[in-house]
Every structure is written in C-alpha cells, then in structure tokens.
Trainee: 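Sharing a structure with you now.
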Amino acid sequence: MATQDATTLDVDAIREDFPVLDRTVGGDVTVPGPDEGDDTPLYYLDNAATSHTPRQVVEAMTEYYYEYNANVHRGIHTLSQEASVAYEKAHDRVAEFINAAGREEVVFTKNTTEAFNLVAYTWGLTELEAGENIVTTEMEHHASLVTWQQLCEKQGAEVRYVEIDENGELDMDDLREKVDDDTAMVSAVHVSNTLGTVNPVVEITEIAHEHEALSFIDGAQAVPTRPVDVAAMDADFYAFSGHKMLGPTGIGVLYGKQELLEALPPFLVGGSMIRRVKFEETTWEELPWKFEAGTPPIAEAIGLTAAIDYLEEIGMETVERHETELATYAYDRLNEFDDVEIYGPTDRGGLVSFNLDGVHAHDLSSILDDHGVAVRAGDHCTQPLHDILDVPASTRASFYIYNTKAEIDELVEAVDTARQLFA
Ligand code: PMP
C-alpha cells in the first residue's frame, strides 16, 4: 500500500496495487483480457462508471473464498460464524466511514439503483399520497429520476424538477419555490455524474425538513471521492455503490435513519429477513437484516470493507484534493480548444464532460480508445439533462486516486488528433 504525506498521493506506489493499469489495449475485444494485438498503454479515465480494484480488495475476497466461505446467519459451525462476523462487521465499517449511528442504519443492496427502488417500494408505496409531490432535480441520474417518476405515476403524486442554471449549478431559488407543504421527499444528487456539480446537500436537506419532507441524497459519485458525514448532513436516506470506490460490483449501500427504517415495511421477503414464520403470519428480523432477504453479498461486503480500509489509509481529504487537482487540470487543458464545449461549473468533482464541435461523442471516444484513453461516451444515464444541454451525448473523463496529469495530457493529445481528423 502506498504511503504519502498528509497532502499528496504517492500515485506511483498506489498504481502498483492495481495490476490492470499496466495492461495494454487495442487488440481483439471479443475475448476478455490482454492479447497479442494489444500494444497501446491504457489510460483509464472512466472511474465515474466504475473504479478499479486494488490487490488488497481482491485478496480479502480470495481469503474469504479460500479460508472461511460459508453462508451467514445460518450455521453454528466455525466457518459460518467467521463469515457472519465478517459480514456483520462490514456494516459497522460502512457506518463508521459515513458517520452513521451504527449497523442498523446500513442496508446492503445490489447498488445505488436498488437503494432508490427499495425506498420507493417501501416508503413510497405506503406513505406517498395522491396530491403530494417529490422534488428532485434536472441533473439526476436515471437511478433516482426514473424511480421517482414511476413512483409518482403509480401514486398519483407529482414529480417536480429543480432547474439548473447556465453554469450547471442548481437554482436554489427554484428549489425553495418547488418545495412546499405537500412535498413528501426532496431528492438530489450529491455530486453530478455528468456535470461534476457538487450540490449543497446540507441546505437541500434543511429546506426539505422545514417542510417536514424527507431527503434522499444520491452519493454514488460523492462517497468514493470526498469525506461524507451523513449525520452532519442530516439526510434521511443516502445511497452509494461499492464498485465506484475500489470495491467489487454487486454491493451498494442504503443509509437510512434508524427510526425511518424501523417504520418501513420490508422490500424483498423470504429467508434471512424473518424472525418467526407461521402459516398465518410472519414477523421481521431487526435492522438491517429486515431489508437483506436471501443470501447476501458476503464476499462483496468483505471486499467493500477492504476498499474502505484502503481509502481511509490514504485519507478522504487527500482523495478529494487529488480529484480536484486533476479535474481542474483537465478542465483548463480542454478549455484551451475553442471547439470543445465543457459542461458544468469550474468548481467540480473529479470529472469533466465535454463535446467536440460537430463530432458525435461515440466517434470521439472511439478515436480516444485508439490512443488507449478509456472514457465514457453517451448520456451517462442523464438523458433529460442532455436534452437541456441540447446534445444527444457527451464524452466524460473521470479521475481517481491512481490517475495522473500525464494521463490527462494523453487525453488532450488524443482529442487534438480527433480535432485535426474531423476539421
Ligand atoms: N447515481 C449516480 C450519480 C451515478 O453516477 C450512478 C452510476 N453511474 C448511479 C446513481 C447508479 O449506480 P449503480 O449503477 O451502481 O446503481
């Protein structure tokens, strides 16, 4: 593991923990993994889609499979007890990481998307009434936007979208106007996965609470990249995914205030989430198990614990500083081209979405791929936001702890090649 002083990352040492960063690309993509046609170094700038996994995380999961693989909460035998302790402790570790009160407030889901659906299907279907409204924003990811839209349609409620201004920041006056005494939920993304905008989530939650509405903050891009304190934020619900923060796929987190989660009905039912089943009736397990039906993501929870250990060893303030430095550098360098349009404010999280005049994002990304530069092209699951930007798609470069300015130079050089090609 990398050691570093309080302010800068030892990126070279960090990169040694991520074997994939050494691979080359460019050959046959119909079979996974490197092949003889791969001769271009990889510059991985697609971290907002998913981050890479350090050895420490893979090794923690391997250790589970090799040494104490067993189902949890079921057996009295040694392996099952060891697996259960590790699985339960993973909840404690997440709680500590985001400053939740305890494991009762940490529900493991498949991902951020499932966390939103969990709240929609439990709170939404039982509490949201016709005539009420949910206030969300124009910059939401589909995971939240579509969930609230569909819920409101089912319940006869209204969904309201807070506007963004020309800088790509939330219009807080519009938010204040749209939240009223019929608002049941205010839901906003913490860091926009398209614009990079960092939203004032404390203020958003305060406004929700002034109207006795709940708040649900989408932390999918925030938890991996900056310190997050759900207690200080006072959010009622908060969600994020393991795979964007050095962890494995298949695990996400729904944070919820204990008294709210206690009051909700279960989402999925079946094994593991029950206390007592009779033919006539069933009672539920205590939190958080009430929301974790069936065999849970055990290896993934162990991997997520290792990912948190890794990030905490670096320090989340340091991660945030590195992200900001790279995003600012990328913004400034891409801004040198007068035919490149960048979306979102100058103060941003660690990503930059942009378009090259007259060139579709898919064509640009394919040229970048020829240069080994991996970025995301498309609508980034924010189609309504792209409608507002009046483009069908954009190209997004997103950065993480192992990225360097030299990699951003490669991106800029590849964009320049595309400019000349399409000129
Ligand atoms: N919200 C935001 C802001 C995201 O960036 C993403 C992932 N792109 C999601 C939600 C959904 O995450 P997942 O696909 O892991 O459910």
Side-chain angles (χ1 to χ4, degrees), residues 44-53 94 98 107-121 136-150 161-162 164 168-170 185-201 204 215-226 228 233 235 237-255 267 297 300-301 303-304 307 323 327 343-345 348-353 361 374-386 393-400:
Y44 186 82
L45 304 177
D46 193 19
N47 296 285
T50 202
S51 61
H52 281 301
T53 321
V94 170
I98 59 168
V107 175
F108 286 158
T109 59
K110 201 162 54 190
N111 46 35
T112 304
T113 305
E114 190 179 272
F116 272 95
N117 278 271
L118 189 159
V119 173
Y121 279 88
T136 185
T137 86
E138 289 179 343
M139 66 171 89
E140 294 310 297
H141 188 280
H142 297 163
S144 122
L145 194 151
V146 179
T147 305
W148 299 136
Q149 180 193 60
Q150 295 302 304
Y161 302 102
V162 176
I164 55 167
E169 287 174 312
L170 268 192
M185 174 74 80
V186 179
S187 179
V189 67
H190 192 162
V191 177
S192 161
N193 65 312
T194 299
L195 300 169
T197 315
V198 183
N199 284 319
V201 286
I204 292 169
S215 72
F216 192 149
I217 306 297
D218 176 352
Q221 299 295 344
V223 171
T225 57
R226 60 200 50 240
V228 167
M233 195 185 299
F237 298 107
Y238 194 97
F240 54 100
S241 299
H243 68 92
K244 294 183 200 282
M245 51 185 289
L246 310 181
T249 54
I251 188 163
V253 174
L254 170 68
Y255 158 81
F267 173 37
E300 290 78 2
L304 180 59
E323 292 274 306
Y343 308 105
R348 56 173 58 233
L351 60 93
V352 180
S353 297
V375 293
R376 172 94 184 253
D379 56 49
H380 324 310
C381 298
T382 56
Q383 286 181 3
L385 174 61
H386 278 79
S394 58
T395 299
R396 179 185 69 192
S398 52
F399 317 111
Y400 212 18

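Counting starts at 1 for both ligands and their atoms, in listed order. No hydrogens, no waters, no symmetry mates; every other heavy atom, side chains included, goes into these values.
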Trainee: Just need the protein heavy atom nearest to atom 16 (O) of ligand 1, so name the residue and atom and give the distance.
Mentor: Thr113 OG1, 2.5 Å

Trainee: Heavy-atom contact under 4.0 Å between Lys244 and ligand 1?
Mentor: yes

Trainee: For atom 4 (C) of ligand 1, what is the nearest protein heavy atom, given as residue, atom name and distance?
Mentor: His141 CD2, 3.3 Å

Trainee: Between His380 and Ser394, is any side-chain donor less than 3.5 angstrom from a side-chain acceptor?
Mentor: yes

Trainee: Pairing donors with acceptors under 3.5 angstrom, does anything connect the side chains of Ser241 and Thr112?
Mentor: yes

Trainee: Work out whether the distance between some heavy atom of His243 and some atom of ligand 1 is less than 4.0 Å.
Mentor: yes

Trainee: Which of the numbered atoms in ligand 1 are under 4.0 angstrom from any heavy atom belonging to Val189?
Mentor: 3 (C)

Trainee: In the protein, what heavy atom is nearest to atom 1 (N) of ligand 1, and what distance, to one decimal place, separates them?
Mentor: Asp218 OD2, 2.6 Å

Trainee: Rounded to the nearest 0.5 Å, how far does CD of Gln221 lie from CG of Asn193?
Mentor: 5.5 Å

Trainee: Aromatic contact between Phe216 and Phe116, with the criterion being ring centroids under 6.0 Å apart: yes or no?
Mentor: yes

Trainee: Quick one: look up the protein heavy atom nearest atom 5 (O) of ligand 1 and list residue, atom name and how far away it is.
Mentor: Gln221 NE2, 2.7 Å

Trainee: For His52 and Tyr400, does a side-chain donor sit closer than 3.5 Å to a side-chain acceptor?
Mentor: no

Trainee: To the nearest 0.5 Å, what is the distance between CE on Met245 and CG on Leu304?
Mentor: 5.0 Å

Trainee: Ignoring hydrogens, just give me the one of Gly349, Ala48, Ser241, Ser144 whose non-hydrogen atom is nearest atom 15 (O) of ligand 1.
Mentor: Ser241

